[in-house]
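Written below as structure tokens is the structure these notes are about.
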Amino acid sequence: MTYKNSDIILCAPGIGRTFFEAEKTHSTFTLDRDFPEGADPIRFVRDLVEIRVSKQYRYILVPNVQPIHDELYKRGIEFLTVMPREEELNEWMKRWLKAGASAEVISSRVSTIRTVYRYSGEVPIILLSSDEWLGNILEQNPATDADENNK
């Protein structure tokens with residue numbers, strides 16, 4: 001199946017990217033790509049663009065790290081950013097702690113999220129409340145966005 005639209009979504013840590021993909025009910029229309037330490041952002045983004053052009057997936061979920069953000073922005077590739085509301089980070093930290101995250105993991109997530117606020121600039125950002133997660137904003141059955149000619 002192909003889709004009329006294929007969106008690249010940069011996800012802040014701890015918002016449910018891994019959980020959403022782990023459910024496997026979404027694996028037919030969602031691709032979750034990690035950005036390995038030391039990877040080349042130019043090559044990574046080139047691969048993302050190829051996947052996006054193929055329209056095999058409705059959503060391409062990637063971690064929101066500055067090298068990916070900057071390369072997408074520099075190349076004029078449209079993408080979305082999803083992250084917690086800054087004023088609700090305290091609630092998010094409680095949520096992560098309750099879910100079993102260590103103080104080190106929580107500290108790293110908060111640091112990353114605060115960095116993202118600084119470099120996000122003019123890109124579209126979807127801010128999640130502390131009672132939401134990524135699955136709340138993504139279409140759970142995007143068949144309505146499938147290309148009728150390629151089902």
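For clarity, every value in this text was computed on a predicted model and none was experimentally measured.
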Heavy-atom side-chain proximity of [X] to [Y] below 4.5 angstrom:
X: Arg46; Y: Glu50; result: yes
X: Val62; Y: Ile9; result: no
X: Leu128; Y: Met83; result: no
X: Glu78; Y: Tyr73; result: no
X: Arg33; Y: Leu48; result: yes
X: Val110; Y: Met93; result: yes
X: Ser6; Y: Tyr59; result: no

- prompt: So Val82 and Ile15, side-chain contact (heavy atoms from CB on, under 4.5 Å) or not? Walk me through it.
  reply: CA-CA 8 Å; Val82 180; Ile15 64 166; 3.5 Å; yes
task: Mark yes or no for whether Ser107, through its side chain, and Ala103, through its backbone, hold a donor-acceptor pair below 3.5 Å.
output: no
Hey, could you give me the [atom1]/[atom2] distance between [X] and [Y], rounded to the nearest 0.5 Å?
X: Ser111; Y: Ile106; atom1: OG; atom2: CD1; result: 13.5 Å
X: Asn136; Y: Ile126; atom1: CG; atom2: CD1; result: 11.5 Å
X: Leu138; Y: Arg58; atom1: CG; atom2: CZ; result: 8.5 Å
X: Lys74; Y: His69; atom1: NZ; atom2: NE2; result: 13.0 Å
X: Glu91; Y: Asp131; atom1: CD; atom2: CG; result: 10.0 Å
X: Thr30; Y: Leu61; atom1: OG1; atom2: CG; result: 5.5 Å

Which heavy atom in [X] sits nearest to a heavy atom in [Y], and how many Å separate them?
X: Ile68; Y: Phe44; result: CD1-CE2, 3.5 Å
X: Leu89; Y: Pro84; result: CD2-CB, 4.2 Å
X: Val65; Y: Phe35; result: CG2-CD2, 3.7 Å
X: Arg85; Y: Ser129; result: NE-OG, 3.6 Å
X: Leu10; Y: Phe79; result: CD1-CD1, 3.8 Å
X: Leu134; Y: Cys11; result: CD2-SG, 3.9 Å

field: Side-chain donor-acceptor contact under 3.5 Å, Ser130 with Glu88
entry: yes
message: Apply side-chain contact (heavy atoms from CB on, under 4.5 Å) to residues Glu86 and Trp92 and explain how you reach the verdict.
response: CA-CA 9 Å; Glu86 189 169 23; Trp92 279 87; over 6 Å; no
task: Please step through side-chain contact (heavy atoms from CB on, under 4.5 Å) for the pair Leu80 and Ile8, ending with a clear verdict.
output: CA-CA 6 Å; Leu80 298 171; Ile8 296 172; over 6 Å; no
task: Step by step, work out the side-chain contact (heavy atoms from CB on, under 4.5 Å) result for Ile77 and Arg52.
output: CA-CA 10 Å; Ile77 298 163; Arg52 182 179 177 204; 3.3 Å; yes
Row check, Trp96 ring normal vs Arg109 NZ/CZ: under 6.0 Å, within 45°: yes
query: Do the charged groups of Arg17 and Asp34 touch, with an N to O distance under 4.0 Å?
result: yes
message: Working note: Asp70 + Arg75, criterion salt bridge (charged side-chain N to carboxylate O under 4.0 Å, His left out); need CA distance, chi angles, decisive distance, verdict.
response: CA-CA 9 Å; Asp70 291 351; Arg75 294 179 66 179; over 6 Å; no
